[in-house]
2 protein chains.
Amino acid sequence: MLPEEKEIYFKVAISVSLVLFGFDGEMLRILLSNDTKKGPFPGAPHLPSVYVKAHEGIDSNVEKLVFLHTQKDHIFVEQLKAFAKVFNNPLGRVVNIAYYATVKLDDELLQYSKERDEEWVAYSKIPDLAFDHNEIIDYAKERLKRRVKRRPIGFYLLPKHFTISQLQKLYETALNREMDKRNFRKKIVNSQLIVETGLTDNSSSRKSAKLYKFDEEKYQKLSLKGYDFLF
Amino acid sequence: MLPEEKEIYFKVAISVSLVLFGFDGEMLRILLSNDTKKGPFPGAPHLPSVYVKAHEGIDSNVEKLVFLHTQKDHIFVEQLKAFAKVFNNPLGRVVNIAYYATVKLDDELLQYSKERDEEWVAYSKIPDLAFDHNEIIDYAKERLKRRVKRRPIGFYLLPKHFTISQLQKLYETALNREMDKRNFRKKIVNSQLIVETGLTDNSSSRKSAKLYKFDEEKYQKLSLKGYDFLF
DNA sequence: TCAAAAGTGTTCTTTGTACACCCATGT
DNA sequence: ACATGGGTGTACAAAGAACACTTTTGA
């Protein structure tokens with residue numbers, strides 16, 4: 001590239017979009033913003049996004065974006081890929097780098113999102129979105145499906161203490177199929193990824209259910225050696 | 001973003017880098033360019049790359065880049081992810097979108113690359129590269145490992161007709177471990193992904209080996225339904 | 001004649017899958 | 001008393017892993 005050509009190249013903007021998966025104990029949901037008043041897609045919901053200033057780091061922007069929408073730290077975040085169709089954005093050429101993250105969807109967060117006029121939409125009922133955000137979500141779902149099969153990232157979506165039924169529901173939503181209760185428990189227990197807490201939950205049934213927590217140490221080992229959690 | 005802020009954002013360039021995997025019948029190799037005479041990494045080899053003009057499509061640039069370095073069409077190409085550390089490139093902020101592709105490494109291509117002062121370096125002996133290209137290659141290797149396990153993309157790396165031993169060597173290099181001959185053959189034959197051609201190869205051994213080809217129709221079916229080729 | 005790669009089966013272990021009933025308790 | 005979700009075991013099928021010898025033929 002010659003110096004005088006720089007202006008042909010250096011006139012692109014970076015944006016970051018976030019597919020935030022939340023699990024409310026019943027189903028997976030994705031966070032959508034509704035604040036588009038004008039622009040090319042007025043009124044259309046869209047993924048939480050931010051433009052990145054040319055001199056700023058991407059990762060710090062992603063972190064900020066995640067915190068802004070979750071109020072939580074230590075969230076699982078991973079890049080999906082760059083989406084960079086030419087006419088995505090009427091402001092000019094924008095490279096949109098898409099990330100996904102997983103979060104425990106508790107009442108506090110639901111309340112917070114509501115105040116911000118953001119909505120946790122059911123995984124299976126995503127409406128038409130602005131830009132190419134539907135495509136990004138489809139891509140994110142596929143990634144989640146694969147990840148959930150091979151690594152125990154599902155645990156990031158659950159509260160600290162959870163029942164095996166909740167865990168199973170999470171897997172069923174993510175993988176979009178039903179599973180056998182006994183086989184599921186067998187596999188999870190064999191994996192030794194969860195340990196009993198001694199506590200019980202009786203909010204969702206007559207008989208109370210054992211609460212488990214996730215064995216972090218075991219998880220670290222299994223994550224490293226390319227773990228197989230094949231459902 | 002306000003109109004007057006546009007200049008804070010729209011001053012980034014896009015580049016595309018390519019991790020080109022080639023298999024020569026013995027081992028996997030990656031193509032590196034050596035033409036860096038000046039700049040921040042003088043003399044350091046680097047991945048084949050190109051800057052993308054702000055108004056151009058990414059995909060067409062990737063296609064062109066692949067063709068430029070392989071002289072072949074219908075190559076398997078997939079995006080890895082965007083690499084966008086702030087000070088990657090002294091010209092200014094550059095978002096480098098990395099792709100990988102797989103190609104049959106025949107004599108013709110070896111000759112062509114040689115003329116272009118490019119080198120097919122052994123998969124396990126990658127030198128220090130310019131920019132963050134080593135990081136990109138590590139990422140690409142991991143992706144190849146996963147892909148090769150789940151989808152028959154290995155076939156894109158082989159000549160039209162190949163022996164089972166060649167196929168096994170390819171898997172062994174990609175996955176970096178040895179495999180049992182009998183179990184390998186059993187699995188491959190059971191998969192019904194390859195068919196005998198009736199031809200034989202006697203270049204690499206005393207006893208001649210059967211040449212197989214890859215059953216495209218079967219492949220299409222298996223690729224769609226999220227195939228498991230677990231080695 | 002021997003070195004080098006081709007080709008071939010069996011056994012055992014592990015993992016997956018299908019399947020049905022009793023339990024505790026809040027209403 | 002009954003509806004709701006919690007919890008448990010067994011038998012069969014499929015897939016993976018370990019393992020050793022014979023064949024062909026160019027040098």
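Every chain is numbered from 1 and lettered A, B, ... according to where its sequence line falls, protein lines coming before strand lines.
Between the CD atom of Glu26(A) and the P atom of dT4(D) there is a distance of 14 Å, given to the nearest Å. Remark: C1' of dT10(D) and CZ of Arg182(A) are 10 Å apart, rounded to the nearest angstrom. A straight line from NZ of Lys169(B) to C1' of dA4(C) spans 11 Å, rounded to a whole angstrom. If you take CZ of Phe184(B) and P of dA6(C), they are 12 Å apart, rounded to a whole angstrom. Rounded to whole Å, the distance from CG on Leu167(A) to P on dG5(D) is 18 Å. Between the CD atom of Gln166(A) and the P atom of dG7(D) there is a distance of 11 Å, rounded to whole Å. Summarising the geometry, the separation between CG on Leu211(B) and C1' on dG7(C) is reported as 15 Å, rounded to the nearest angstrom. With rounding to whole Å, Lys181(B) atom NZ is found 13 Å from dG9(C) atom P.
The overall bend of the helix from dT1(C)-dA27(D) to dT27(C)-dA1(D), read as the angle between its terminal helix axes built from five base pairs each, is 0° when rounded to 10 degrees.
In this model, the phosphate group of dA6(C) is approached by a side-chain N or O of Ser165(B) to a distance below 4.0 Å at OP1 or OP2.
At a cut-off of 3.5 angstrom, counting only N and O atoms as typed in the model, there is no donor on one side facing an acceptor on the other between the side-chain of Lys186(B) and the base of dT8(C). Residue-to-nucleotide contacts include no donor-acceptor pair under 3.5 Å from the side chain of Lys187(B) to the base of dG16(D). Contact annotation: side chain of Asn190(B) to base of dA15(D), donor-acceptor pair absent below 3.5 Å.
For the pair Lys141(A) (side chain) and Tyr123(A) (backbone), a donor-acceptor distance under 3.5 Å is present.
Among residue pairs with one or both ends in residues 72-84 of chain A, those qualifying as salt bridge (Lys or Arg N to Asp or Glu O under 4.0 Å) are Lys72(A)-Asp106(A), Glu78(A)-Arg143(A), Glu78(A)-Arg147(A); sequence neighbours excluded. Screening residues 160-172 of chain B for salt bridge (Lys or Arg N to Asp or Glu O under 4.0 Å), with sequence neighbours left out, gives Glu26(B)-Lys169(B).
Environment of CD in Gln71(A): crowded, with over 12 heavy atoms of neighbouring residues, nucleotides or ligands closer than 6.0 Å. Other residues, nucleotides and ligands contribute only 12 or fewer heavy atoms inside 6.0 Å of the CG atom of Asp107(B).
Remark: Asp24(B) engages Arg29(B) in a salt bridge (Lys or Arg N to Asp or Glu O under 4.0 Å) (not counting sequence neighbours). Under the side-chain contact (heavy atoms from CB on, under 4.5 Å) criterion, Ser113(B) pairs with Leu31(B), Leu109(B), Glu118(B), Trp120(B), sequence neighbours left out.
Note on Asp180(B): a base of the nucleic acid sits closer than 4.0 angstrom, heavy atoms only. Across all strands shown, Lys210(A) has heavy atoms under 4.0 Å from sugar-phosphate atoms exclusively, and none from any base.
Side-chain atoms of Arg185(A) lie closest to dG7(D) of the nucleotides dA17(D), dG7(D), dG16(D). Comparing dA11(D), dT8(C), dA6(C) by their nearest atom to the side chain of Ala209(B) picks out dA6(C).
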So Ile58(A) and Tyr99(A), side chain to side chain contact (heavy atoms under 4.5 Å, CB included) or not? Walk me through it.
-> CA-CA 11 Å; Ile58(A) 309 279; Tyr99(A) 286 75; 3.4 Å; yes
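A side-chain contact (heavy atoms from CB on, under 4.5 Å) with Phe23(A) holds for exactly one of Leu158(A), Thr102(A), Leu105(A); it is Leu158(A).
Near DNA chain D, defined here as any heavy-atom distance below 4.0 Å, the residues from residues 195-208 of chain A are Ser204(A), Ser205(A), Arg206(A), Lys207(A), Ser208(A), listed numerically.
A ring-centre distance under 6.0 Å is found for Phe162(A) and Phe155(A).
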